[in-house]
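One structure is given below, encoded as structure tokens.
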Amino acid sequence: MAETIIKLENIVKKFYIGKPNELEILHKISLEVKKGEFVSIVGPSGSGKSTLMNLIGILDRPTEGTYVLDGIDVSKAADKELSAIRNKKIGFVFQTYNLISRTNALKNVELPMLYAGIGKSERVKKAKELLELVEMGDRAKHLPEELSGGQKQRVAIARAMANDPAILLADEPTGALDSKTGRLVMDLFHKLNKEKGITIVLITHSNELASETGRIITIRDGNILSESKGGKA
Amino acid sequence: MVMLWENIKLAFTSLLANKMRALLTMLGIIIGIASVIAIMTVGDSLINYISEEMNSMGANNIMVSIQPRTDEDNMFSTMMGGAMMMDPISDQDKITPEMLEKLAEQYKDEIKAITVVDENGSGQITKGTDYANVYVAGINIGYFVSTDVEFVAGGVFSERDLEEGRPVAIVSSIVVENLFGGDNEKALGSTIEVDTNGKFAEYTIVGVYDYVVQNMADMMQARKDISTNMYIPYRASINQTHNDNFTNFYVVANNGVDSDILAKQIDRFFEGYYRNNEDYQVGAFNMQTMVEMVGSMVGMVTTAISIVAGIALLVGGIGVMNIMLVSITERTREIGTRKALGATNGSIRIQFIVEAMIICLIGGIIGLILGILGGQFAANLLGYPAVPSISGIVTSLIFSMIIGVFFGYYPANKAAKMNPIDALRYE
Ligand SMILES: Nc1ncnc2c1ncn2[C@@H]1O[C@H](COP(=O)(O)OP(=O)(O)OP(=O)(O)O)[C@@H](O)[C@H]1O
Ligand SMILES: [Mg+2]
């Protein structure tokens, strides 16, 4: 049995705490993900999927509950430690790509390695390899504005992989792409999951894509409604 | 450090992405630094010029000159001499040779020499296609007592040269280099023709002195173009200029004589002649005191203008802070992305501080260049060789970086403290 990499226990997330419009978005959510799993999160708009994902990616802190990531209790960690964990253990893929617009594809892929303090030559070498992996090697010197959506997303995936993270978090990565390009991105995730054994958590509105993953978690109104095995397992 | 260099490159990319905005932001810094440097250049050049001029005459010498009667005893107008005076001094108000003889007689124990200089004008010696630029000055025997001049060939004028005002000249080693291929022996006894503003005169070289390049103005031009002093007998000079009487002269005190006291005695001596002159009087000043006086005056002006420039820099700094705040708001999502990729608060802070610093530094460098050019222009306009102030250059660059750090810190810190998810969700 593979070991647990993500362990959420009784996670509550509230906004506008202490104000009259206080809002509880996630209600005592508990969730466990094992190393090497490919999990998808589905549910209606506004149900709290992204909120949950942001907590998993420690971009935000839960209001209540504990979160242990790869053996580290991150609910108690300081800002600086969280930066290091995001840098080394987590790779993010956003719906809107979020590439740094003024720098080219190669530099974008180098960025997480720069924050990890890796030297120039090693950074460039690794970044080029990753761009090859996502079949964007010939576009290394292109600025984001010179790339199509699908190409940008592939660069973003290469960037997410820069520091060989344990987990890849993707919030609607195909949401802005047509189904053919979405297919390419999805194939890439499968490849990374299979070949590199990377744990992937994917939010999607597409039941078809969700069904390809190992486990489907359905969220409604801030609760986990159900879990089901996907087609992959 | 890897990060710092990357941050510098990053700062340049983001500035280049917004060139016009960056330039406008820098304007305050540019104006501030340019004015500080221009003023410092003019001030330093002035001090330099005056002290060089005075030191070449010996710091313990006394300058005596006619000055308009004003309410206060004004050293500055003395120093600026005739140059600043509006009306030319009439001949009867000037110091006569008889007065000088009397002065030398009365204080013969205290006075080593009296130097008079007749400014004949600047000119050019030509010989075939060769030329040498000179300032021609008529001098008396006292000149070489008060001035450090090292002869490399020949020597001072003879008594008869001076008395009869013979057409003889002492030239610099530069002139010999330019016209005689550096052969001093060949130069001695040769006749040269000098053109001073269209007046031609011939002189025989009797002495060559060693010219040492020392001021910046000389260093900045080709050696053959440097203008050096050419001396002719005082009488030979006034035969052309007809300046029979003097507006100023120098006194060299004997060793062991307090030049301050001698200056007062000279004052009193001339008060005897000028008591009833309503327009003019004669003032005598010790060179050392004058150098200090000029220095402190220039220093005061520099300080005053530096305060104004400081305000310009402050306004410039606030402009930088403002634009950094705008830029950080615009780049909120970028900041969020960077944090998601593992940027620490510290690295975000450094990124924006470096950016602010680069804006200020570039502004500072542009200001510096404009300031040096402006200062040079102004110094040349006033007729002084310009000396770029090294201390001014260094301080202004450091200062502009400090402005960058100071006014960049608040926006940078604001960026650093953004919550990653709020920054990412920013629309
Ligand atoms: N920072 C915040 N401040 C206030 N409310 C928030 C904040 N973030 C999320 N919410 C609220 O939480 C709820 C869940 O939002 P979330 O983005 O998690 O939904 P989602 O399931 O990802 O929806 P979608 O499928 O449309 O992306 C929404 O009602 C939203 O308004
Ligand atoms: Mg969402």
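Here is how names work: the chains are called A, B, and so on, in the same order as the sequence lines, proteins then strands, and each is numbered from 1.
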Closest non-hydrogen atom pair between A:Tyr115 and B:Ser347, with its separation:
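A:Tyr115 and B:Ser347 have their closest heavy atoms at CE2-OG, 3.7 Å.
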
Give the minimum heavy-atom separation between B:Ala343 and A:Ser83, together with the two atoms involved.
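Nearest pair, atom of B:Ala343 first, then A:Ser83: O-OG, 3.5 Å.
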
Chain A heavy atoms under 4.5 Å from B:Arg338: which part of the residue, side chain, backbone, both or neither?
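Both backbone and side chain.
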
So for B:Lys9, is it side chain, backbone, both, or neither that comes closer than 4.5 Å to the heavy atoms of chain A?
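Contact with chain A: side chain only.
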
Taking side chain as everything from C-beta outward and backbone as N, CA, C, O, which of these in A:Ser50 sits under 4.5 Å from a heavy atom of chain B? Side chain, backbone, both or neither.
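For A:Ser50, there is no contact with chain B at all, as no heavy atom is under 4.5 Å.
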
If I measure from the heavy atoms of chain B, does A:Lys107 come under 4.5 Å with its side chain, its backbone, both, or neither?
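Only the side chain of A:Lys107 comes within 4.5 Å of chain B.
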
Give every donor-acceptor pair under 3.5 Å between a side-chain atom in residues 153-161 of chain A and any protein atom, sequence neighbours left out.
| unit_1 | atom_1 | unit_2 | atom_2 | d |
| --- | --- | --- | --- | --- |
| A:Gln153 | NE2 | A:Phe94 | O | 2.8 |
| A:Gln153 | NE2 | A:Pro173 | O | 2.9 |
| A:Arg154 | NH1 | A:Val134 | O | 3.3 |
| A:Arg159 | NH1 | A:Asn98 | O | 3.1 |
| A:Arg159 | NH1 | A:Asn108 | OD1 | 3.3 |
| A:Arg159 | NH2 | A:Tyr97 | O | 3.4 |
| A:Arg159 | NH2 | A:Asn98 | O | 2.9 |

What is the distance from atom OG1 of A:Thr103 to atom CG of B:Leu10, rounded to the nearest 0.5 Å?
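Output value for this atom pair is 7.5 Å.
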
Between CD on residue B:Glu334 and CZ on residue A:Arg102, distance to nearest 0.5 Å
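It is 4.5 Å, given to the nearest 0.5 Å.
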
Heavy-atom pairs under 4.5 Å with chain B are the metric here; pick the option from A:Asn54, A:Asp79, A:Leu99 that has the most.
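That would be A:Asn54.
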
Do other residues, nucleotides or ligands put more than 12 heavy atoms under 6.0 Å from [X] [atom1]?
X        : atom1 : answer
A:Glu135 : CD    : no
A:Glu129 : CD    : yes
A:Asp221 : CG    : no

Who in residues 12-41 of chain B is close to chain A, using a strict under-4.5 Å heavy-atom cut-off?
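Against chain A, the residues of residues 12-41 of chain B that fall inside the cut-off (heavy atoms, under 4.5 Å) are B:Thr13, B:Ser14, B:Ala17.
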
Identify the residues of residues 420-427 of chain B whose heavy atoms come closer than 4.5 Å to a heavy atom of chain A, ordered by number, or report 'none'.
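Near chain A, by residue number: B:Pro420, B:Ile421, B:Leu424.
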
Which residue pairs satisfy the ring-ring contact (aromatic ring centres under 6.0 Å, His included) criterion with at least one member in residues 385-415 of chain B, sequence neighbours excluded?
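Passing the test, one end in residues 385-415 of chain B: no pairs.
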
side-chain contact (heavy atoms from CB on, under 4.5 Å) between B:Thr344 and A:Asn87: does it pass, once the steps are laid out?
CA-CA 9 Å; B:Thr344 57; A:Asn87 184 232; over 6 Å; no

